[in-house]
Amino acid sequence: MIDINEMEIIKGLKLKDEHMIKEFMNIYKDRLMKVAYMVMKDINIAEEIVQETFIKIIKDIDKFEGKSSLYTYVYKIAINQCRQKLRKNWFKRITLVDKWFEGGDYRDWTEKSIDKLTIDKSIGKLKFKYREVLLLYYYEDMSIEKIAEVTGDKKGTIKSKLSRARSMLKDILSKEGFNE
């Protein structure tokens, strides 16, 4: 894949350049899918969120002011799409599945040294505000500062949520029989 810088992507999106839109979607689709699935625990809803995220970004790219990186902006939109879905009354279920994609194995996405499914299920038991920071920090390798930008929280709040999420996850994993 050709290395395209953010300014080229933004310019292409603003011009509604079909080739650049495809490149933009190729760059972000898999990573957004992982995050959306980890938050929503439903592959179909995750796909819907990724589609809605792309549509919103392409439609509203002129509103992007460049105060953050495109990467941060994309994740902020995706996380907000997840939050909106979670707020809807009909979405009261969490479905745990063994695969993240048809024909794909979720174990390819992270280290295989521990029981990934146990950790995924345990993270799924956490409240959204704790799942969110764990996923962005560990699965997307975002810094505390980037997570603060994406969520709109202060850095201190992110640190507190991350610490609390780790503690709760450790308790859940201990009950599941997983020990360090």
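No hydrogens, no waters, no symmetry mates; every other heavy atom, side chains included, goes into these values. Keep in mind that what you see is a predicted model, and the values were worked out from it rather than measured.
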Any non-hydrogen side-chain atom of [X] less than 4.5 Å from a side-chain atom of [Y]?
| X | Y | value |
| --- | --- | --- |
| Ile158 | Lys154 | no |
| Asn80 | Val150 | no |
| Ile45 | Ile49 | yes |
| Ile144 | Tyr137 | yes |
| Met38 | Arg131 | no |
| Ser69 | Lys146 | yes |

Judged by modelled atom types alone, do Asn26 and Glu23 share a side-chain donor-acceptor pair under 3.5 Å?
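No - no donor-acceptor pair under 3.5 Å links their side chains.
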Between Tyr138 and Arg166, does any side-chain donor sit less than 3.5 Å from a side-chain acceptor?
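Present: a donor and an acceptor within the cut-off.
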Neighbour count above 12 (heavy atom, 6.0 Å) for Lys14 NZ
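Atom NZ in Lys14 is packed in, count exceeds 12.
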Does atom NZ (Lys127) have a neighbourhood of more than 12 heavy atoms from anything else shown, all under 6.0 Å?
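For Lys127, atom NZ is not crowded (no more than 12 foreign heavy atoms under 6.0 Å).
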Check Phe128 against Ile79 and note the closest heavy-atom contact, atom names and distance.
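In this case the closest contact between Phe128 and Ile79 is CZ-CG2, 4.4 Å.
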Testing the basics here: between Lys41 and Gly124, what is the closest heavy-atom pair and its distance to 0.1 Å?
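Closest heavy-atom pair between Lys41 and Gly124: CE-CA, 3.8 Å.
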Cluster check Ile58, Phe64: I/L/V/M/F/W/Y, side chain < 4.5 angstrom:
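Yes, same cluster.
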Kindly compute the distance separating CE (Met142) from OG1 (Thr72), expressed to the nearest 0.5 Å.
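The distance works out to 6.0 Å.
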Mind checking whether Phe54 and Tyr28 have ring centres under 6.0 Å apart?
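Phe54 vs Tyr28: aromatic centres not under 6.0 Å.
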Among residues at least two apart in sequence or on other chains, which ones pass side-chain hydrogen bond (donor to acceptor under 3.5 Å, both in side chains) with Glu140?
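side-chain hydrogen bond (donor to acceptor under 3.5 Å, both in side chains) check on Glu140 returns Arg31, Tyr75.
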Quick one: do Glu149 and Lys67 make a salt bridge, cutoff under 4.0 Å?
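Looking at Lys67 together with Glu149, the answer is no, because their closest N to O distance does not fall below 4.0 Å.
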Does a salt bridge link Lys56 with Glu52, judged by any charged N lying under 4.0 Å from a carboxylate O?
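No, Lys56 and Glu52 are not salt-bridged.
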